[in-house]
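Read through the structure below, which is laid out as structure tokens, and then see the notes.
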Amino acid sequence: MAVGVRHCTIRFMELESSSLMKCLLLSSPLYRKQSVHFSNSSTQRYNQCCSLSMNGCQGDSRAPIGIVETRTLPAVSSPALAMERLNSAISDMIKSDPPPYDSGIIRLEVPIEEQIESLEWLHAQNHLLLPRCFFSGRRVASEMCINGASSHSKLVSVAGVGSAVFFTHLRPFSLDDWRAIRRFLSKKCPLIRAYGAIRFDATANIASEWSAFGSFYFMVPQVEFDELEGSSIIAATIAWDNAASWTYQRAIDALQATIWQLSSVLITVQKKNPHSHILANTHVPGKASWDHAVNRALQIISRNDPVLIKVVLARSTRVVTAADIDPLTWLACLKVEGENAYQFCLQPPHSPAFIGNTPEQLFHRDRLSICSEALAGTRARGGSELLDLNIEQDLLSSAKDHNEFAIVRECIRRRLEAVCSSVIIEPKKAIRKFTRVQHLYARLRGRLQAEDDEFKILSSVHPTPAVCGYPTEDARAFISETEMFDRGMYAGPVGWFGGEESEFAVGIRSALVEKGLGALIYAGTGIVEGSDSSLEWEELELKTSQFTKLMKLEAPLLTRGQSRIINQNQKGLSCLPHRI
């Protein structure tokens, strides 16, 4: 059933090998902080598969789109049969007359009568087929139609390759950009979604390792694999706009070119530690610089009339390994211990992959209902039930951690109250446990007055005091002048927009990974009155351990120009104090 949409528009840009977009991004002012330069060989490899792109942030975001539609085909028993059916449907579309609309988006989907991990499907595809994305939420319920019967199924995870339309720009994410994305979404097509991420600080210059992401990057996948509870779906999506010279026929041709490169033979992703040896491990900042930054922050915080109450300082760790780091293998290992957490991967063309296993929800919108979380204070898990309980009680009774947590919770509450008609906090203070760490936790719920207030929620709750500090602008200014690397999408919103639902996590516990070129691992910690720089450094070690546990340290001879830090805490969590 065709669905008309009242608002929003895009214009499509045809970019040969995405070279124009790359030139736009790389022509931005040189970043004054330390950046990591990935080799030109990786960019040359990407050019093998990236030929046409469509940027949705060009043009009038308020013009109407002609059609938003989902077509569900009969269910099949395997991914191979699903691909056959999908190919047949696309061939029929090629032979048929184009829809009588100058613009639109159509999703073709084939249900599969078996639950298959979407990450396995993504791993089976050529890693040069970009862009690609993956998102696994803690709970995302979606309504869909299978064989004409309406049912509620839980969407476990989504993987996608290629883009029917993508949205990116150097400027900060704006209301017009949000409207451009919303133009392609509909309540009646809940699985047409735009997946992506936004920079932590859109006003900061972009370092080379983050250049392909722009200030934000969202994509509606061209081909998508949805893992549901008890079943799966493979889908193909096309989007077109005749006014921008991106016709329905050209969209079909681009989709067919992507389909031809896909594999329906699934490969089981290794979910045990690959244990690649670390050749070099370099922190920015190093320990001495970290101590200086933390002590400087504490001096400001301890003043009689402080301009800062809390600031979150972060660290970037460059890891070079003896063997390739496959971002999807890392992600599969993170999923094993990722209960109650979000896993994600976002990789534009000409870019490393941004992956993460984050415990922190930014917000979830279900029609007019909004929920968010306050998460702060960190401890390691105990080796026994009794020890774990003692650590939990220590965290609950800590004045320093309560102060940090209360700042986060009350700030989010005030921001929600500015947009919502009512806000409820329940629980007000509890413990949320993960495989390796535990945090203080509160849940906040509110109700929007209009669904268009979603942009207000996104722009008001980010950045939270949990990843920036308080007051926000003073903390952001301190971070900008203190940190000597570009956070990029680290600690920024990562998630998806949908017609009736949207969900975003905070992009912490994350890394920028390039197969064959190593990884940048990010972690941060909140500095408040009573913080100790050495204990905060150990907290960074604990937070990055979910990545570093996948590797082993060794001490080879280093080539000239390499720096190496042997971190004794890598020997195991047992050497970490419980006050972290």
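Worth saying up front: this structure is predicted, and the values here are computed from it rather than measured.
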Mind listing the side-chain donor-acceptor pairs of residues 79-93 below 3.5 Å, one per line with the distance, residues two or more places apart or on another chain?
| from | atom 1 | to | atom 2 | distance (Å) |
| --- | --- | --- | --- | --- |
| Arg85 | NH1 | Pro74 | O | 3.1 |
| Asn87 | ND2 | Met83 | O | 3.2 |
| Ser91 | OG | Asn87 | O | 3.0 |

Determine yes or no for a side-chain-to-main-chain donor-acceptor pair under 3.5 angstrom, with [X] supplying the side chain and [Y] the backbone.
X: Arg365; Y: Ile370; result: no
X: Ser136; Y: Ser157; result: no
X: Ser103; Y: Ile65; result: no
X: Asn126; Y: Leu128; result: yes
X: Gln115; Y: Gly230; result: yes
X: Thr464; Y: Val461; result: no
X: Trp210; Y: Asp486; result: yes
X: Gln261; Y: Ala257; result: yes
X: Ser186; Y: Lys188; result: yes
X: Gln125; Y: Ser263; result: yes

Salt bridge (Lys or Arg N to Asp or Glu O under 4.0 Å) between Glu451 and Lys187, intermediate numbers included: CA-CA 11 Å; Glu451 290 186 12; Lys187 292 180 182 178; 2.9 Å; yes
Stepwise side-chain contact (heavy atoms from CB on, under 4.5 Å) test for Cys133 and Met219: CA-CA 8 Å; Cys133 66; Met219 58 180 282; 3.9 Å; yes
Near-ring test Phe547/Trp330, centroid separation under 6.0 angstrom: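 Yes, they do, as the ring centres are separated by less than 6.0 Å.
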Test of ring centre spacing under 6.0 Å for Phe167 and Phe218: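 For Phe167 and Phe218, the ring centres are not under 6.0 Å apart.
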Got a salt bridge between [X] and [Y], using NZ or NE/NH1/NH2 to carboxylate O under 4.0 Å?
X: Arg71; Y: Glu69; result: yes
X: Arg182; Y: Asp452; result: no
X: Asp176; Y: Arg183; result: no

Glu503 and Tyr342: CA distance, side-chain angles, deciding distance, side chain to side chain donor-acceptor pair (under 3.5 Å) verdict: CA-CA 11 Å; Glu503 185 161 23; Tyr342 299 88; 2.7 Å; yes
Criterion side-chain contact (heavy atoms from CB on, under 4.5 Å) on Phe504 and Trp496, from CA distance to verdict: CA-CA 6 Å; Phe504 281 83; Trp496 52 271; 5.8 Å; no
Close side-chain approach of Ile192 to Ile105, heavy-atom, < 4.5 Å: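 Yes, side chains in contact.
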Salt bridge (Lys or Arg N to Asp or Glu O under 4.0 Å) evaluation trace for Glu224 with Arg107: CA-CA 10 Å; Glu224 179 181 312; Arg107 171 185 163 104; 3.1 Å; yes
Full working for ring-ring contact (aromatic ring centres under 6.0 Å, His included) between Phe354 and Phe344: CA-CA 8 Å; Phe354 180 47; Phe344 62 85; 5.0 Å; yes
Mutual orientation of the aromatic rings belonging to Tyr195 and Phe135 [parallel < 30°, tilted 30-60°, perpendicular > 60°]: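 It falls in the tilted class, 30° to 60°.
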By salt bridge (charged side-chain N to carboxylate O under 4.0 Å, His left out) - contacts of Arg132 (at least two apart):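 Partners of Arg132 by the salt bridge (charged side-chain N to carboxylate O under 4.0 Å, His left out) criterion come out as none, since no residue qualifies.
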